[in-house]
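Here's the structure we're looking at; comments come further down.
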4 protein chains.
Amino acid sequence: MTGASVPSSPKWRRRADARPAEIVKAAYAVFAEKGFAAARLDDIAKRAGISKGALYLYFETKQDIFEAVVKDAVAPNIGAIESFALGFPGPFEQLIRMMIPQVADLANQSDMGKVIKMVIGESGNFPEIARIWHADVIAKGIGLLTSVIARAQERGEVRPGDPRQHALSIASPLLVAVIFRETFVPVGAKPFDILCLMQQHLDNLLPGLLTSPRT
Amino acid sequence: MTGASVPSSPKWRRRADARPAEIVKAAYAVFAEKGFAAARLDDIAKRAGISKGALYLYFETKQDIFEAVVKDAVAPNIGAIESFALGFPGPFEQLIRMMIPQVADLANQSDMGKVIKMVIGESGNFPEIARIWHADVIAKGIGLLTSVIARAQERGEVRPGDPRQHALSIASPLLVAVIFRETFVPVGAKPFDILCLMQQHLDNLLPGLLTSPRT
Amino acid sequence: MTGASVPSSPKWRRRADARPAEIVKAAYAVFAEKGFAAARLDDIAKRAGISKGALYLYFETKQDIFEAVVKDAVAPNIGAIESFALGFPGPFEQLIRMMIPQVADLANQSDMGKVIKMVIGESGNFPEIARIWHADVIAKGIGLLTSVIARAQERGEVRPGDPRQHALSIASPLLVAVIFRETFVPVGAKPFDILCLMQQHLDNLLPGLLTSPRT
Amino acid sequence: MTGASVPSSPKWRRRADARPAEIVKAAYAVFAEKGFAAARLDDIAKRAGISKGALYLYFETKQDIFEAVVKDAVAPNIGAIESFALGFPGPFEQLIRMMIPQVADLANQSDMGKVIKMVIGESGNFPEIARIWHADVIAKGIGLLTSVIARAQERGEVRPGDPRQHALSIASPLLVAVIFRETFVPVGAKPFDILCLMQQHLDNLLPGLLTSPRT
DNA sequence: AATGAATGAGCATTCATTCAT
DNA sequence: CATGAATGAATGCTCATTCAT
């Protein structure tokens, strides 16, 4: 009763146990490959190095695991870009040009591609997940871009037009390239170099999107 | 695909030739809603107004039905647009401006939206289907646009740059809007007006993509 | 109404229609290969060159067809041998020696081998068939041999002993060779030459079975 | 194989090692009664006192269970008889006279009777099983007898002639009696007393098969 | 916390049988 | 007579979930 035998940190009910994260990681791989329905808990457990029964110590149902996988991929990276973009003092063109490599890198490195494939494929069966992803990723991403554009329009840097549509104008090739990579490249399609693609895209787009600085 | 599949005849209609199409139609609806694995043959049969066993008079396996659904969404309209585009005598800008409403219409009316969602979601489990869709739709569509662009570049109408990336520059918002509509609009997202979106997109894009005729 | 348009023969209700016989023949082949349960009516119909539905014009159920096949193989050949054996005036040894080639020939030529395999295999599911075959073939065959032996014993030609067991002593190698041929030869076993086997068997057996003519 | 398979324990017994044997035992009973195709996994599971799904913890397919049943009936006793026979120092007649009760006992007690009925009936559908049984039981059994005979011929104890045919001469009544018991006795046929039959058979056969020691 | 044997509902597929034509 | 489309019950197999240990 000296008090040392229980964790003193009150913040975490359950100590920083690695298990749930390992399970989510394993589940991510299996769900990404098979989709929700075709994924087998057996495989997830095996990949996580635990027994099938142990999954139920951390999650209530298969669906819970799936949701954890999908939600886990949501949080991390939007925040950084968001604060960077909203705090950026320079002109719109410069911001966009700087953001592109970051975002392309994110698209290349993160698991978001596989996750978005899952979200698209299972949205019919898991509206909740579609809702979460829409709220936390899609709407937030598009919203960020939209508000950046809207502010640039206010400053006269970007020509008039629905800023949300402008946002799609800018970002779509990236999204398509990611989906393309996850869906068709594995069956032999030639991939796109995302950074290169986006730079060429901006070269195409910006002349029309930006207001000519001197007229 | 309106879902009004209640048979009006006694209970038993003799028209062996119409059956496969009816089945594919019913299966389309079920697969689109549930995905491949979660779709039940019972539901498909019920929706087609026949017994489960009767499905097997026309298809060998569930997968065959799925493939028929996916292939069925392929054929119809690519050909028409293709011959129109390749035979078009006028300048590139005019061609693109004329094609957009056609393609937007196709995107709005056909079943392609739900099917592409399925293709993305099930590509991991059915590489064959991903392959078919890549070959018959994606590669063909992008290829068409790519070759139109390449020819315009030869005529000096379009600025240099990888024409395949140019094609993605042009078409991506359409694809993203379709996927967005199938995935997030059902859970409350505000849809894009595809025609409007694409026109604004072209207004953004063409100034930079086309070589300014007089400078 | 001249009377010529209907068959004049009153003996056959249904004209000598070849159909049922053709069906039985086709069914024989399929049942012999697959057994009762694994045989498909589709295959039988196809082999008989008619539609599956037409089978039901001649037979009520699959089981009826099976029984027809098995019963059909019963009748033909026992009778001839029976009357020959029972009417044979000479000594037992001569009778047996003369019968062996006939019976071996029957075993080699007829379908009885395949049918007996079916009877053995399906006897659990079709006791009726086992009963018929026992009554019409097995009991009759063994009974014939038994009574021939019994008469020979009465004449002092065959040594004492249960004549039914004597019958099995004589006939068993033939039966085993037939079953062996149907069961193991198709998977590579070396077949027995039935006639040769039986002659050697009689050479072994008769010295002990017959009473030595001079003692 | 007594059929008293009602579980006496609560409902759920932990003995993963005993399970396969229990399943095979239950499956033996069901297969023996119905044949392979007509046997239902439900019945096997019920008889084994477990759920249908549990079968698949121990066997991959129905066919695997069937093969386990058939192989299980192979192993036990051939080996013992084999070593006994090959090591026997005395004369052929004595060996045979001693073996008969053993073998008759085996035929009366073991499951081999029902299994051989199954092998015969299903050989068309499971060539592999026919092959196994031929290799492990039939060929081995006949081969044993054949080599014993051949050695006796070398010693001049048995008269010339194909020793494999001699083997069939000797053993056939046993086999026929077993098949007869499984097939026709259940429908009312009078069974053979196998030991008695075989002794009478040997009394018939040996005088002709052995070379008369003194003439 | 962890295991893994066991469950049982669920589903794709087959096929004998029926029946409108 | 004949067809062959249609049925629907039957069954092998799967897998998320439970629970005694």
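Proteins get letters first, then strands, A, B, ... in listed order; numbering begins at 1 in each.
Sequence order on DNA chain E of the closest nucleotides to A54(D) and T61(B) puts A54(D) first from the 5' end. The residue among G53(D) and G53(C) whose nearest nucleotide of DNA chain F is located toward the 5' end is G53(C).
Side-chain proximity of K52(C) to the nucleotides dG12(F), dA6(E), dA16(E) is greatest for dA16(E). In this structure, the nucleotide among dA2(F), dA16(F), dT17(E) sitting nearest to the side chain of Y56(A) is dA16(F). Each of dA6(F), dA16(E), dT17(F) was ranked by its minimum atom distance to the side chain of K62(A); first place goes to dT17(F). Closest to the side chain of Y58(C), out of dA6(F), dT17(F), dC1(F), is dC1(F).
Computed from coordinates, the L55(D) CG to dA5(E) P distance equals 15 Å when rounded to whole Å. Between Q63(B) atom CD and dC11(E) atom C1' there is a gap of 16 Å when expressed in whole angstrom units. Summarising the geometry, the separation between CZ on F66(D) and C1' on dC13(F) is reported as 19 Å, rounded to the nearest angstrom. Rounded to an integer number of Å, the gap from K46(D) NZ to dT7(E) C1' is 14 Å. Taking atom CG of residue L57(C) and atom P of nucleotide dT3(F), one finds them 9 Å apart after rounding to whole Å.
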Legend entry - W133(C) vs V115(C), side-chain contact (heavy atoms from CB on, under 4.5 Å): CA-CA, chis, key distance, verdict: CA-CA 10 Å; W133(C) 255 68; V115(C) 174; 3.2 Å; yes
Legend entry - Criterion salt bridge (Lys or Arg N to Asp or Glu O under 4.0 Å) on E22(C) and K25(C), from CA distance to verdict: CA-CA 5 Å; E22(C) 283 167 16; K25(C) 189 175 146 199; over 6 Å; no
Inset, instruction - Give DNA chain E the dot-bracket treatment, 5' to 3': Watson-Crick (N1-N3 with N6-O4 or O6-N4) or G-U (N1-O2, O6-N3) under 3.5 Å, [ ] crossing, | other strand. - result: .||||||||||||||||||||
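Looking at every heavy atom in both residues, A27(A) comes nearest to I65(A) through CB-CG2, 3.5 Å.
Checking the phosphate oxygens (OP1, OP2) of dC1(F), no side-chain nitrogen or oxygen of R19(C) falls inside 4.0 Å.
Side-chain atoms of I129(D) and E122(D), non-hydrogen and from C-beta on, never get closer than 4.5 Å to each other. Side-chain atoms of K117(C) and K114(C), non-hydrogen and from C-beta on, never get closer than 4.5 Å to each other.
The one candidate from V69(D), L57(D), I50(D) that meets the side-chain contact (heavy atoms from CB on, under 4.5 Å) condition with I23(D) is I50(D). Applying ring-ring contact (aromatic ring centres under 6.0 Å, His included) to F66(A) and the options Y28(A), F31(A), F59(A) leaves one that passes, F31(A).
Against DNA chain E, the stretch residues 31-45 of chain D makes no heavy-atom approach under 4.0 Å.
Distance NZ/K62(A) to CG/L55(A): 11.5 Å, rounded to 0.5 Å.
Using a 4.0 Å heavy-atom distance criterion, I50(C) is classed as a sugar-phosphate-only contact.
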Indicate every side-chain donor-acceptor pair of residues 32-44 of chain A with a distance under 3.5 Å to a residue at least two apart or in another chain.
| unit_1 | atom_1 | unit_2 | atom_2 | d |
| --- | --- | --- | --- | --- |
| R40(A) | NH2 | D43(A) | OD2 | 3.4 |

